[in-house]
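Report on the structure given below.
All chains are named by letter (A, B, ...) in the order of the sequence lines, taking the proteins before the strands, and each is independently numbered beginning at 1. Worth saying up front: this structure is predicted, and the values here are computed from it rather than measured.
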Amino acid sequence: MHDRKYLRECPEIARQSLATRGEEFARKIDRFLEIDVERRRQQTELDELRSERNSASKEIGELMKAGRRDEAEERKGYTRTINSRIEQLEAQHGMLSDEEEDILLSLPNFPDPSIPVGPEGNQVEIKAHGDPRKFEFAARDHMELCQRLELANFEAGARISGSGFPVMHGNGAVLQRALISLMADVHVMRHGYTELRVPFMVHPRCPLGTGQLPKFGSEMYHVYVDKKLSEDEPESGPHYYLIPTAEVPVVNYYREQILEQPSLPIKFMAYSPCWRVEAGSYGKDAKGLTRLHQFEKVELVRICAPEDGLAQLEEITADAEHILEILGLAYRRIVLPSGDMAFGSAKTYDLEVWCPGEQAWREVSSASLTTDYQARRASIRYRSEPGGKPQFPHLLNASGLALPRLMIALLETYQTVDGNVVLPEVLHKYMPHTSILTPPEAGAPPMI
RNA sequence: GGAGAGUUGGCCGAGUGGUUGAAGGCGGCUGCCUGCUAAGCAGUUAUACGGUGAUAUAGCCGUAUCGAGGGUUCGAAUCCCUCACUCUCCGCCA
């Protein structure tokens with residue numbers, strides 16, 4: 001959400017900035033400005049009328065006390081006429097305020113001037129790390145490896161829930177758990193994050209704060225208690241959203257709070273499952289573990305001083321990259337163009353890991369600086385000095401990292417000629433029972 | 001699922017129709033006093049929006065805000081209704 005004053009005072013800059021994200025926003029800003037002028041005019045008039053009513057009421061009180069009933073009655077009549085005017089104005093003012101609010105909530109963040117302008121495809125590679133492994137044999141893709149080593153069961157997942165809900169099986173499940181532990185440990189012990197364990201279903205206010213709502217409600221799973229399912233007005237009862245990322249609950253940890261002289265940056269890490277509807281994406285990267293309705297992720301969030309945002313983005317991105325580095329995976333960092341960023345982001349780096357079996361770079365992390373955009377929406381403020389003015393901090397988030405695609409890269413990179421997988425050393429202490437994934441022995445539960 | 005209690009300022013906590021934006025306390029800030037420390041005294045200390053002002057985000061004026069929404073009234077934190085949330089006890093359950 002943007003500062004009204006800024007839009008009012010620098011509409012041209014705002015228009016130009018948002019034009020890089022889509023052509024519809026200039027029109028919205030124009031409408032905002034139009035409404036804003038009229039809304040303020042009405043508010044001034046309302047304030048004056050109310051002021052008059054307040055003082056008249058006070059007078060009535062004094063007249064009553066003094067026993068001057070007739071004069072009091074006369075004043076009451078006067079206030080009643082003011083009230084009808086107030087009522088009228090309030091209705092108009094309310095409608096305008098609502099529309100203004102809707103517009104504000106539907107404007108994305110201003111892109112940082114440093115990023116490339118344009119639609120998806122205009123991203124720029126910032127750096128590359130590690131060499132994609134060369135194979136002296138035909139590298140298998142992760143589907144084949146999962147099948148052979150019995151690591152993931154897609155059919156069973158479909159039976160249980162539907163497509164996009166795989167069951168991790170045997171060593172696949174263990175490996176996933178090991179990766180979670182490894183990443184969490186590194187972020188907590190080495191990078192200094194405080195770990196949170198958060199609710200996975202959240203109050204609607206949360207995704208509004210982070211920017212998924214109101215525009216992207218259809219991309220999240222919405223949960224009602226059973227008795228509300230059949231009713232026409234689900235909004236009347238308690239309802240929740242399944243989190244599409246731990247960023248949602250973590251950012252809302254301080255929603256509507258004023259932090260008193262916090263020591264910034266605040267760094268939070270949270271592991272969680274994530275649910276995404278992914279409507280309309282069938283067929284697009286949809287095979288295997290690439291794109292799922294439910295997946296797991298370790299998420300990083302930072303809260304920092306406004307002047308520090310860009311530097312913090314570099315750090316949080318480096319924290320995510322560090323995981324790829326200790327796992328020995330080749331990756332590149334790209335900066336997303338204005339037209340391809342999440343709604344609340346001002347600048348986003350994607351980390352793409354090399355998946356040799358598919359001969360493709362796959363996004364495993366997205367690190368974003370949301371500046372004060374989420375802080376405003378979620379009303380998170382802080383005072384840098386006692387009695388100082390509350391100000392909006394900058395918020396950042398980064399996946400560190402998403403499990404399924406990390407798993408793809410890991411399996412495909414460390415496969416051997418005979419179709420096994422030799423795990424990198426850093427994982428050994430998290431999987432003491434085996435450092436080489438091989439097909440299960442006879443007697444293991446069948447994967448069908 | 002059943003029964004009850006509650007939701008007030010950074011925190012605790014008064015307050016059942018009229019100078020209550022809100023007593024009192026804690027904490028914070030400013031000053032005074034005290035030859036250390038401690039204590040004491042006085043003052044001050046919410047947020048948002050609008051206007052005015054300056055144009056460095058000071059000051060002044062107004063409005064709104066006592067969980068949310070609606071109602072009664074000239075006037076509501078205070079009365080009425082609806083909803084949300086929190087807590088306690090019982091039941092059920094990992």
Side-chain angles (χ1 to χ4, degrees), chain A residues 1-10 32-33 35-87 89-101 103-104 197 199-206 208 223-228 231-241 252 254-262 305-307 372 375-393:
Chain A
M1 191 152 74
H2 296 297
D3 183 1
R4 286 180 163 83
K5 285 197 188 108
Y6 184 80
L7 291 179
R8 208 178 284 154
E9 284 160 18
C10 310
F32 166 84
L33 294 170
I35 293 173
D36 190 54
V37 170
E38 177 60 12
R39 197 210 88 231
R40 275 149 65 210
R41 196 194 61 70
Q42 289 182 0
Q43 182 173 337
T44 305
E45 192 181 339
L46 253 184
D47 284 356
E48 282 164 1
L49 287 170
R50 282 173 176 155
S51 173
E52 210 165 320
R53 178 179 66 187
N54 286 346
S55 54
S57 289
K58 213 168 274 181
E59 254 178 75
I60 291 170
E62 279 156 17
L63 289 171
M64 298 283 271
K65 226 176 266 174
R68 292 147 75 181
R69 299 241 156 206
D70 293 349
E71 288 169 71
E73 284 306 320
E74 184 271 323
R75 291 263 82 187
K76 282 190 190 181
Y78 171 65
T79 335
R80 265 188 282 257
T81 62
I82 295 183
N83 271 343
S84 65
R85 176 67 184 143
I86 288 180
E87 210 169 308
L89 257 180
E90 272 177 343
Q92 293 172 19
H93 182 261
M95 273 163 56
L96 282 187
S97 297
D98 288 350
E99 190 181 347
E100 191 171 356
E101 184 78 5
I103 293 176
L104 280 176
R197 189 124 193 124
F200 301 151
M201 279 165 40
V202 295
H203 185 101
R205 195 54 240 277
C206 293
L208 187 78
V223 180
Y224 302 85
V225 292
D226 208 19
K227 63 182 176 188
K228 296 289 176 190
E231 294 184 12
D232 294 334
E233 294 180 76
E235 300 294 326
S236 65
H239 58 290
Y240 307 90
Y241 286 94
N252 280 277
Y254 290 130
R255 193 181 75 230
E256 285 155 41
Q257 304 297 311
I258 300 175
L259 307 175
E260 296 294 339
Q261 294 97 56
E307 62 275 12
D372 63 355
R376 261 176 215 289
R377 288 176 83 108
S379 190
I380 298 165
R381 290 171 294 174
Y382 77 103
R383 267 187 256 270
S384 48
E385 51 192 78
K389 227 180 127 107
Q391 53 186 322
F392 294 106

Report, as a single string ordered 5' to 3', how protein heavy atoms within less than 4.0 Å touch nucleotides 61-74 of chain B: B base, S sugar-phosphate only, - not at all. -BSS---------B
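The residue A:R376 sits apart from the nucleic acid: no heavy atom pair falls under 4.0 Å. Among the protein residues, A:R39 comes within range of the sugar-phosphate backbone only, with heavy atoms under 4.0 Å from sugar or phosphate atoms but none that close to a base. Contacts of A:R4 with the nucleic acid, taken as non-hydrogen atoms under 4.0 Å apart, are absent.
Along RNA chain B, the nucleotide nearest to A:H203 and the one nearest to A:E62 differ in position, and the one closer to the 5' end is contacted by A:E62.
The side chain of A:P390 lies closest to B:U47 when the candidates are B:G51, B:U47, B:G10.
The two residues A:L33 and A:R8 come nearest to each other via the heavy atoms CD2-CA, 3.9 Å. Of all heavy-atom pairs spanning A:Y254 and A:L259, the tightest one is CD2-CD2, 3.6 Å. Contact between A:I82 and A:L49 at its shortest, heavy atoms only, is CG2-O, 3.8 Å.
A donor-acceptor pair under 3.5 Å is formed between the side chain of A:T44 and the backbone N or O of A:R40. Of the possible donor and acceptor atoms, none in the side chain of A:R383 sits under 3.5 Å from a partner among the backbone N and O of A:I258.
B:G43 and B:U82 are spaced 46 Å apart, taking the C1' atom of each and rounding to whole Å. Nucleotides B:C11 and B:A48 are separated by 15 Å at their P atoms, to the nearest Å.
With rounding to whole Å, A:K5 atom NZ is found 16 Å from B:G53 atom P. To the nearest angstrom, P of B:G28 lies 22 Å from OH of A:Y382.
A salt bridge (Lys or Arg N to Asp or Glu O under 4.0 Å) with A:R39 is found for exactly one of A:E99, A:E100, A:E45, namely A:E100. Checked options A:R255, A:E256, A:M1; the residue passing with A:S379 is A:E256 (criterion: side chain to side chain contact (heavy atoms under 4.5 Å, CB included)).
Between B:U52 and A:R40, no contact under 4.0 Å exists linking OP1 or OP2 to a side-chain N or O. Residue A:R381 places at least one side-chain N or O under 4.0 Å from the OP1 or OP2 atom of B:A48.
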Determine which bases of RNA chain B form Watson-Crick or G-U wobble pairs with both distances under 3.5 Å, and write the result as a 5' to 3' dot-bracket string with | for other-strand partners. ((((((((.[[[..)..(.....]]]((((((.......))))))(((((((......))))))).[[[[[..)....]]]]])))))))....
May I have the step-by-step check of salt bridge (Lys or Arg N to Asp or Glu O under 4.0 Å) for A:R68 and A:E74, ending in yes or no? CA-CA 10 Å; A:R68 292 147 75 181; A:E74 184 271 323; over 6 Å; no
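When only modelled atom types and interatomic distance are considered, A:R205 and A:N252 share no side-chain donor-acceptor pair under 3.5 Å.
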